[in-house]
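It should be emphasised that the depicted structure is a prediction, and the values quoted were computed from it without experimental measurement. These numbers come from the heavy atoms of this one structure, side chains and all, not from hydrogens, waters or symmetry mates.
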Amino acid sequence: MTGAMTGPNRTFLFTPGNHPRRVEKVFTVGADAAILDLEDAVAIPEKEATRAAIVEALTRPRACRAYVRVNALDTPFAFGDIEAVVVAGLDGIVLPKVESAGDIRAADWMLTALERRRGLPEGAVDLMPIIETARGHAAARAICACGGRVARVSFGAGDYTTDLGMEWTAIEHELDAVRAEIVLASRLGGLEPPIDTVFARLDRPDAFRASCLRVREWGFQGKLVIHPDQVAPANAVFSPSPEELARAREIVAAFRKAEAAGAASIRVGGQFVDYPIVARAERIVALAEAIEGAKP
C-alpha cells in the first residue's frame with residue numbers, strides 16, 4: 001500500500017531514515033503511521049544523503065502510512081528535505097518547531113508547488129506540525145486556525161521542556177498547561193484532536209501507559225512513539241474497548257429509535273442520553289470502524 005490513505009491516528013512511530021533495517025521494520029509493527037526521520041535522529045553529516053534512502057523507501061509496498069519528519073524551517077536543510085521527499089508514496093510531512101501561522105503557510109506553499117510540478121494530487125500530502133517551543137505554545141491558536149492542509153497538530157515535550165528549562169518527569173504534570181492549550185487550540189481551529197508527545201523513558205512501561213490514558217482523557221487521539229514496544233500499548237489505550245464499543249452502539253441505536261418517535265432525551269441502561277452523549281457514542285463507533293477498515 002502506497003500513497004495517501006485515511007485511518008486511525010493512534011500511533012506515529014519514529015525511526016531514523018538512515019537505518020535501512022529499522023526503516024524496513026517500522027512499517028510492520030502495527031503503528032498507524034511511520035515517521036521516517038531526517039531531524040533529531042540523523043546526524044548532521046548524514047542528513048543530505050539520507051533523503052535518497054527515504055525516497056527509495058517510499059516506493060515500496062507497506063502496511064501503514066508513511067510520513068517524513070523534515071528539519072525545521074530555520075535550518076539550512078528544510079527546503080532541500082521537502083523538495084527531495086515530496087514524491088508519490090508520501091502521505092505526510094511532519095514539521096518540527098513550528099512557531100507561527102507563517103511557518104504553516106510557507107510549508108503549505110512549498111508542498112503545493114511541488115505537487116503541481118510532479119503531477120501529484122494537489123493537497124494530497126498531509127502536513128502535521130509539532131508544537132514544541134514557548135513561541136509555538138503562545139501561537140498555538142493561530143497555528144491551528146491558519147487553514148490549509150493541516151488536519152491535526154502534535155506536541156513535542158523534549159524540545160519544549162528544554163526550551164523552557166523544565167524538568168521532564170515521568171509523571172508529566174509540568175506539561176498540563178501546554179497540553180490543555182493544544183487541545184483547545186485544535187478545537188477552536190476546527191482540527192482533529194491532536195497527537196501527544198513521545199515518552200522517552202523506555203524503562204517505564206507503566207508510566208508510558210499512564211501517560212497514554214491521561215492524554216486520552218484530555219482529548220488527544222493518539223501518541224508519537226519511539227520504540228516498537230510502545231505501539232501495542234498505545235494502540236490499545238486509544239482504541240475503544242469491546243465494552244465501550246458495545247455500549248456506544250447500544251446508545252446510538254436506542255437514541256435513533258427514540259428520535260424517530262419524537263424524543264431527544266432518553267435513558268439507556270440507567271444513563272441519561274441526549275444529543276451530546278450520542279455524538280460521543282458515534283465518534284467511538286466511527287473510530288472502531290476506521291481501525292477495522294485500516295487492517296491489512
Side-chain angles (χ1 to χ4, degrees), residues 4 6-14 31-35 37-40 65-74 78 82 90-111 123-164 172 175-199 211-212 214-226 234 238 283 287:
T6 59
N9 295 301
R10 301 164 298 172
T11 45
F12 288 76
L13 175 60
F14 281 102
D32 292 325
I35 302 176
D37 198 15
L38 277 167
E39 196 209 13
D40 288 344
R65 287 168 288 159
Y67 284 65
V68 176
R69 180 168 68 171
V70 299
N71 288 277
L73 290 180
D74 63 354
I82 294 172
L90 175 71
D91 291 293
I93 292 288
V94 177
L95 188 65
K97 299 180 178 65
V98 170
E99 294 187 330
S100 71
D103 289 346
I104 299 298
R105 287 191 286 268
D108 200 334
W109 181 88
M110 283 187 274
L111 292 172
V125 177
D126 185 24
L127 178 61
M128 187 167 74
I130 311 180
I131 294 173
E132 51 187 337
T133 66
R135 288 183 182 275
H137 182 175
R141 299 188 192 191
I143 291 166
C144 291
C146 70
R149 66 183 69 222
V150 175
R152 75 202 71 79
V153 301
S154 56
F155 170 48
D159 282 292
Y160 182 82
T161 52
T162 298
D163 190 37
L164 275 73
E172 299 185 321
L175 305 179
D176 287 356
V178 64
R179 279 172 164 160
E181 178 62 15
I182 289 172
V183 171
L184 178 60
S186 296
R187 184 69 189 97
L188 292 173
L191 302 182
E192 298 175 10
I195 307 299
D196 191 49
T197 181
V198 302
F199 190 87
S211 177
C212 292
R214 184 181 310 114
V215 299
R216 180 190 176 185
E217 292 171 354
W218 279 47
F220 287 81
Q221 66 168 315
K223 204 156 177 66
L224 303 173
V225 293
I226 54 174
F238 290 102
R283 286 198 295 268
L287 175 57

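Across Thr197 and Gly158, no two heavy atoms sit closer than the pair OG1-N, 4.5 Å. Minimum heavy-atom separation, Asn71 to Pro96: C-CG, 3.9 Å. Across all their heavy atoms, Ala72 and Ala78 have their closest contact at O-CB, 3.1 Å. Nearest heavy-atom pair across Leu175 and Ala157 is CD1-CB, 3.8 Å. Nearest approach of Leu287 to Pro8, heavy atoms of both residues: CD1-CB, 4.2 Å. Nearest approach of Ala134 to Asp163, heavy atoms of both residues: N-OD2, 2.8 Å.
For the pair Gln221 (side chain) and Pro193 (backbone), a donor-acceptor distance under 3.5 Å is present. In terms of modelled atom types and a separation under 3.5 Å, the side chain of Asp108 and the main chain of Ile104 share no donor-acceptor contact. A donor-acceptor pair under 3.5 Å is absent between the side-chain atoms of Asn9 and the main chain of Asp32, judged by distance alone. A donor-acceptor pair under 3.5 Å is formed between the side chain of Arg149 and the backbone N or O of Val125.
Remark: Phe199 CZ to Leu224 CG distance equals 14.0 Å, nearest 0.5 Å. Ile93 CD1 to Met110 CE: the interatomic distance, rounded to the nearest 0.5 Å, is 9.5 Å. Taking CD1 of Ile130 as the reference point, atom CZ of Arg69 lies at 5.0 Å (rounded to 0.5 Å). A distance of 15.0 Å separates CZ of Arg10 from NZ of Lys223, quoted to the nearest 0.5 Å. With rounding to the nearest 0.5 Å, the separation of CD1 in Ile35 from CG in Asp91 is 11.5 Å.
Phe238 has its side chain out of reach of Thr11: every pair of non-hydrogen atoms, C-beta onward, lies at least 4.5 Å apart. For the pair Pro129 and Asp103, the minimum side-chain heavy-atom distance is 4.5 Å or more.
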For residues 180-188, which side-chain donor-acceptor pairs fall under 3.5 Å, sequence neighbours excluded?
{"from": "Glu181", "atom 1": "OE1", "to": "Arg141", "atom 2": "NH2", "distance (Å)": "3.2"}
{"from": "Glu181", "atom 1": "OE2", "to": "Arg141", "atom 2": "NE", "distance (Å)": "2.7"}
{"from": "Ser186", "atom 1": "OG", "to": "Ile182", "atom 2": "O", "distance (Å)": "2.8"}

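Note on Arg216 versus Asp196: no salt bridge recorded, every NZ/NE/NH1/NH2 to OD/OE distance being 4.0 Å or above. Between Lys97 and Asp159 a salt bridge is recorded (basic side-chain N to carboxylate O distance below 4.0 Å).
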Exercise for review: Output, in order, the C-alpha distance, side-chain angles, deciding distance and verdict of side-chain contact (heavy atoms from CB on, under 4.5 Å) for Thr162 and Glu132.
Suggested key: CA-CA 9 Å; Thr162 298; Glu132 51 187 337; over 6 Å; no

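For Phe155, the ring-ring contact (aromatic ring centres under 6.0 Å, His included) criterion is met by Tyr160, not counting sequence neighbours.
The number of heavy-atom neighbours closer than 6.0 Å to CZ of Arg135, taken from other residues, nucleotides and ligands shown, is 12 or below.
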